[in-house]
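Only heavy atoms go into these numbers, but all of them, side chains included; no hydrogens, no water, no symmetry mates. Computed from a predicted structure; not experimentally measured. Every chain is numbered from 1 and lettered A, B, ... according to where its sequence line falls, protein lines coming before strand lines.
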2 protein chains.
Amino acid sequence: MAGDAGFAETRGRLLSAALEVFAERGYRAATFKEICGRAGTNPAAINYHFRDKLHLYLAVIEQGLAELQRRSDILDDDPTAPPRQRLRHFIGAVFRRLIGQESPSALLRLMACEMVEPTAGLDVIIQRAFLPAFEHLCGIIADLSGRRPDDPITKDCALSVFGQCVFFHHARPIISKIKYPKYDLPVLEHLIEHTFRFVEAGIRAVAGQEAVRFGTAQIECTS
Amino acid sequence: MAGDAGFAETRGRLLSAALEVFAERGYRAATFKEICGRAGTNPAAINYHFRDKLHLYLAVIEQGLAELQRRSDILDDDPTAPPRQRLRHFIGAVFRRLIGQESPSALLRLMACEMVEPTAGLDVIIQRAFLPAFEHLCGIIADLSGRRPDDPITKDCALSVFGQCVFFHHARPIISKIKYPKYDLPVLEHLIEHTFRFVEAGIRAVAGQEAVRFGTAQIECTS
DNA sequence: GTGCGATTGAAAACCATGTTTCAATTGGAG
DNA sequence: CTCCAATTGAAACATGGTTTTCAATCGCAC
C-alpha cells in the first residue's frame with residue numbers, strides 16, 4: 001500500500017462524507033465536489049474505491065444499515081411495557097433520528113429522500129430498514145387497538161403514524177416559516193408529545209374495536 | 001408580431017407544459033428538453049418569453065396561483081355546515097388535488113415539491129396558497145375543538161392534518177410497495193375516509209378542551 | 001410591395017457534473 | 001537499494017443541461 005492515509009482511512013472518510021451529503025441533498029443533487037470537499041479527497045478516489053456514484057451510494061446505504069443494526073433504539077424496546085409507552089418511545093426515537101443530530105440519523109433522512117426520489121437503493125432500504133420498523137410499529141398498534149398486526153386497518157394507522165413523523169422533517173422549510181423557526185430540543189420534545197397524543201387518539205378511533213374501550217382509555221389519558 | 005402561433009399562444013403552451021413538468025419533477029430535475037418537447041417549441045422560446053428557467057418557474061407559480069383563486073374547491077365550503085363535514089370536505093379536496101388528475105392539482109403538487117426542495121418561489125407560494133389554506137383549516141379545527149384559530153395547539157393540529165395528506169402523496173414510492181400498488185378511485189376514497197377519522201380523533205384528543213365533549217362526540221362517530 | 005419589428009428554429013457556446021486517464025508518490029518485499 | 005503494486009492528485013474528457021447567438025420567417029404599417 002501507499003499514500004499517507006491508507007486504504008481503509010480514505011474509504012471511511014468518503015463513506016462518512018457521502019452519507020452526510022446524500023442524506024442532506026438526495027442522490028441526484030449530491031455532487032462529487034461537495035463529497036470530496038468534505039472528505040478531503042479527489043474525485044478519482046471515488047472511482048478507485050467505489051467505481052462510480054451509484055456504487056458509492058449503495059455502499060453508503062450498506063454502511064448506514066449496518067450502523068442502524070448495531071445501535072438501534074427504535075426497535076429495542078421492552079415488549080412487556082404497556083403499548084402506549086412503546087408507541088411514545090417509537091415516535092420519540094423516529095423524531096430524534098430524523099431531526100436530531102445523532103449519528104445514525106443519516107440513514108433515516110436518506111430513507112426520507114428515497115420516498116420522494118426513489119433510486120436503485122430503495123428496495124434494500126425498504127426491506128432492511130423500513131419494513132422492520134413498520135412491522136414493529138404494527139405490533140405496537142395491534143397491542144393498542146386489539147386488532148391483528150397484519151390487519152389492513154392496522155397498516156393504515158402505521159402509515160399515518162409514520163407520515164406524521166416524516167412530515168415534520170420533510171416540510172421543515174415551510175414549517176419554519178409558519179410556526180417553528182428552528183427545531184431545538186424543547187420544540188422537539190413538544191412535537192413528540194403532540195404527535196404521540198394525536199396519533200394515539202387516531203389509532204383508537206380508526207382501529208379500536210369497541211367504543212367503550214376507547215372512551216375510557218382516552219379519559220384516563222386526557223384528564 | 002409574427003410566427004404562425006402568436007405571442008400569447010406559445011407563451012401559454014410553455015406555461016402549461018412547464019407547470020406539468022415542474023409539478024412532476026421539481027424545479028431542479030425539470031429540463032428544457034422535456035418542457036419544450038411537450039410545448040412543441042424551442043429552448044429559445046423560453047429565453048424569449050421568460051428570460052431563463054427561474055423566471056419561467058416564477059411565472060408558472062403566478063399562473064398556478066391565479067388558476068387556484070379562480071376555481072378553488074378547498075376554501076369555498078359552507079361556513080355554516082357542521083365542522084366535521086367541513087373537515088372532511090377539506091381533506092377530500094386536498095387529497096384529490098394532490099393525487100387525482102384534476103387540472104388545478106399541479107400547483108399543490110408543486111407546493112409539495114417546494115417543501116422538500118425550496119426555491120425562490122417558496123415565499124410567494126406560502127403567502128398566497130399555503131397560508132390561506134392553512135388558516136382555513138385552523139378555522140375548521142377551531143370550530144371542532146372550541147379553541148381559537150390562532151391558538152398554538154390549533155396550529156399544531158393543522159400541521160398534523162396537512163402532514164397526513166401530504167405524506168400519502170409524497171411517500172407514494174414506498175407506500176406502493178407496502179400496501180397500495182396504485183391509487184385508483186376506491187383507494188383514494190378509502191384513504192380520505194381513513195385520514196378523516198384519524199385526524200378528527202387526533203384533533204379532539206389534542207385540542208379538545210373537555211374530555212366529556214370528546215367522549216360523546218367520539219362515540220357518536222364510531223358507533 | 002417594401003421595410004420593420006416581433007417571433008421562432010437551428011445551432012453553437014457555455015457551464016457543471018460524472019468519469020477516466022495517467023503520471024507521481026508512497027510503503028513495503030525481496 | 002530497487003522494484004512493485006497500491007493509492008492518490010491533477011488534469012483531460014464526455015455528457016447533459018442551460019443560455020446565447022443569429023439568421024430566417026412572418027404580419028403589419030406605410
### Message
Can you identify which nucleotide, out of D:dA10, C:dG18, C:dG9, has its nearest atom closest to the A:Asn42 side chain?
### Response
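Nucleotide nearest to A:Asn42's side chain: D:dA10.
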### Task
Go through D:dT19, C:dT19, C:dT8 for me and flag the one nearest to the B:Tyr48 side chain.
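Of the options given, the side chain of B:Tyr48 lies nearest C:dT8.
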Rounded to the nearest angstrom, tell me the gap between atom [atom1] in [X] and atom [atom2] in [N].
X: B:Ile46; N: D:dT19; atom1: CD1; atom2: P; result: 9 Å
X: A:Phe50; N: C:dT20; atom1: CZ; atom2: P; result: 16 Å
X: A:Leu56; N: C:dT19; atom1: CG; atom2: P; result: 10 Å
X: B:Phe22; N: D:dT18; atom1: CZ; atom2: C1'; result: 12 Å
X: B:His49; N: C:dT7; atom1: NE2; atom2: C1'; result: 7 Å

### Task
For the pair A:Phe168 and A:Phe95, name the ring-plane relationship: parallel under 30°, tilted 30 to 60°, perpendicular over 60°.
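Ring orientation, 0 to 90° scale: tilted.
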### Query
Do the rings of A:Phe22 and A:Tyr57 sit parallel, tilted or perpendicular, given the 30° and 60° boundaries?
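Rings of A:Phe22 and A:Tyr57: perpendicular, over 60°.
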#### Entry: Short side-chain N/O contact to D:dT20 OP1/OP2 from B:Asn47, under 4.0 Å
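Checking D:dT20 against B:Asn47, a side-chain N or O does come within under 4.0 Å of OP1 or OP2.
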#### Entry: Phosphate-side-chain proximity, A:Thr10 and D:dT8, N/O vs OP1/OP2 below 4.0 Å
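Yes.
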#### Entry: B:Ser176 side chain to B:Arg172 backbone, donor-acceptor under 3.5 Å
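At least one qualifying donor-acceptor pair exists.
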### Query
Which of residues 23-39 of chain A have a heavy atom under 4.0 Å from DNA chain C?
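The answer is A:Ala30, A:Thr31, A:Phe32.
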### Task
Verify the distance criterion only: is there a donor paired with an acceptor across the side chains of B:Asp156 and A:Tyr180 at less than 3.5 Å?
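Their side chains do contain a donor-acceptor pair, which is all the 3.5 Å distance test asks for.
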### Side chains of B:His169 and B:Tyr183, donor plus acceptor under 3.5 Å
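Checked: B:His169/B:Tyr183 side chains show no N/O donor-acceptor pair below 3.5 Å.
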### Task
May I ask you to check if A:Lys53 and A:Tyr27 form a cation-pi contact, with NZ or CZ under 6.0 angstrom from the six-membered ring centre and within 45° of the axis?
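A:Lys53 over A:Tyr27 ring: yes.
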### Message
What's B:Asp52 touching, base or sugar-phosphate or nothing? Going by heavy atoms closer than 4.0 Å.
### Response
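Since only primed, P, OP1 and OP2 atoms lie under 4.0 Å of B:Asp52, the category is sugar-phosphate.
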### Query
Base, sugar-phosphate, or nothing for A:Ala44, non-hydrogen atoms under 4.0 angstrom?
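The residue A:Ala44 makes base contact.
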### Query
Any side-chain heavy-atom pair from B:Asp52 and B:Ile46 closer than 4.5 angstrom?
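Answer no - side chains too far apart.
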### Task
Between B:Arg11 and B:Pro43, name the one whose nearest nucleotide on DNA chain C is closer to the 5' end.
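Its nearest nucleotide lies further toward 5', so the answer is B:Arg11.
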